[in-house]
Amino acid sequence: MDKKLVNEIFWLRSISCLAIVLIHAIEASIDFQTKQLGSTSFSLETLHLILLFATPTYVFISEFLLAKAYRDGVPPGFLIKRMRSLLIPYCFMGIVYAVFDMTEGFTWSAVIVETVKNIVMGDFVAWFILLIFQFYILHMILSRVLNRIPPLRALIFSFVVNVLYLAFFNLTQPIAIIPFHDYIWARGYWIPCLGWLFYFTVGYYTGRNYEYVIQWIQRHKLWIFGSTLLMMALVFLFNDHIFTKTTSKRPDMLLYTCCVIGLIFYVSNKVNQIPRWVYHISSYSFSIYLLHKLFMGWIPYIPEMGFIGYIIILFVSSLTGSIIMAYLFNRIPFGRYLVGGIQHVKPKETNLPAQSKTAIET
């Protein structure tokens, strides 16, 4: 079992966490722009599109850590441990968001309905947890199979399946005979693991062959930078001419996200000392993910702010508020099971070959 800390993962997790918060801040500003001006800023839409690698990156991180740490299978109690650390906060926050979504009058029946939707269907910001558990189970079932299959064959297969799945929901209209078709085409298709299978496969083989992948990336830096720019250009092109939704759940995001991951791996591998803010954001990332939209919902748009100012205020206040709330809750018994636990990591730990649980607790 290899539990050595991987510096690149701290960078990936913290950058992706900040990107998700910024994405939601930009979306809130774009909503106000659309209502007031009937159009949106091109620069905001551009930044929004560039940041969409964030959510898929978390699928990669999750499987990378499992594949690297548990080469011979997960230990006993693996799922139970993650149910305690992930599912309990997920369910609690599902109730909290159901209450805060009662904008048209509070009733217990409405809260119950919203709570069931949030927890069972993933109808709130933490829907991603349902996806992660699918991949935990998939890892337990397929890890030995994937270890025997040539990586290229598995990568091609998962890529084709992933592209076909996402293309179907992005390029077709809802099929009326399917129950809840409008909801499924709007966001229901996010939850099944087929929409993220390629990231899972890339994460698995990268985790299993970490040293080789790092060496390959360092030898092909021009390819890493060039492919990232090329895929970014294609994403912009497809956004204007093929896909109508600006979302990470699109076929063109598959290779773009992997290129960005490779770029972050390359750059972060060149940094000898990881800044403390990277550790800090990484440690609080789960709580930030759960809490940040609550704080955004409390901050109204004031015209004097301007749209850019509104984004900055939303980003800073929701990030700061989430960290403070997580810190306070984690100081009381069972607080970590309400808003998510904090992963305490000392910077010097990453330079030692010692074993640590923190590397895989995500």
Q.
Count I, L, V, M, F, W, Y as connected when their side-chain heavy atoms are under 4.5 Å apart, and connections chain through other members. Are W298 and I26 then in the same cluster?
A.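 Same hydrophobic cluster.
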
Q | Sole candidate of W223, Y266, F265 that passes ring-ring contact (aromatic ring centres under 6.0 Å, His included) when paired with W216 | A |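 Of all the options given, the one that passes is W223.
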
(Q) Can you tell me which residue among W190, F168, F180 is in a ring-ring contact (aromatic ring centres under 6.0 Å, His included) with W185? (A)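 Single pass found, and it is F168.
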
If you measure only the distance, is there a donor-acceptor pair under 3.5 Å linking the side chains of [X] and [Y]?
{"X": "R250", "Y": "N239", "result": "yes"}
{"X": "S282", "Y": "S14", "result": "no"}
{"X": "E114", "Y": "Y97", "result": "no"}

Minimum heavy-atom separation for [X] and [Y], please, with both atom names.
{"X": "R208", "Y": "A67", "value": "CD-O, 3.7 Å"}
{"X": "I311", "Y": "S29", "value": "CG1-CB, 3.4 Å"}
{"X": "F60", "Y": "L12", "value": "CE2-CD1, 3.8 Å"}
{"X": "P75", "Y": "Y70", "value": "CD-CE2, 3.5 Å"}

Q: Classify the angle between the aromatic ring planes of F135 and F200 as parallel (below 30°), tilted (30 to 60°) or perpendicular (above 60°).
A: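 Geometry flag for F200 against F135: parallel rings.
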
Q | Given L254, T55, I61, the one that forms side chain to side chain contact (heavy atoms under 4.5 Å, CB included) with Y199 | A |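 Answer after filtering L254, T55, I61: L254.
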
Q. Are any side-chain N or O atoms of Y337 and backbone N or O atoms of L87, one a donor and one an acceptor, separated by less than 3.5 Å?
A.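 Side chain of Y337 to backbone of L87, a donor-acceptor pair under 3.5 Å: no, none is there.
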
Q. How about Y90 and F128: are their ring centroids closer than 6.0 Å?
A.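 Between F128 and Y90, which both carry aromatic rings, the centre distance is not below 6.0 Å.
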
Q) Between F334 and F329, is the gap from one ring center to the other below 6.0 Å? A)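 Ring centres of F329 and F334 not closer than 6.0 Å.
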
Q: Give a yes or no on this: more than 12 heavy atoms of other residues, nucleotides or ligands lie within 6.0 Å of atom NZ of K245.
A: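 Counting other residues, nucleotides and ligands, NZ of K245 exceeds 12 neighbours.
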
Q: Report yes if some heavy atom in the side chain of P174 is under 4.5 Å from a heavy atom in the side chain of I184; otherwise report no.
A: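 P174 vs I184: side chains apart.
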
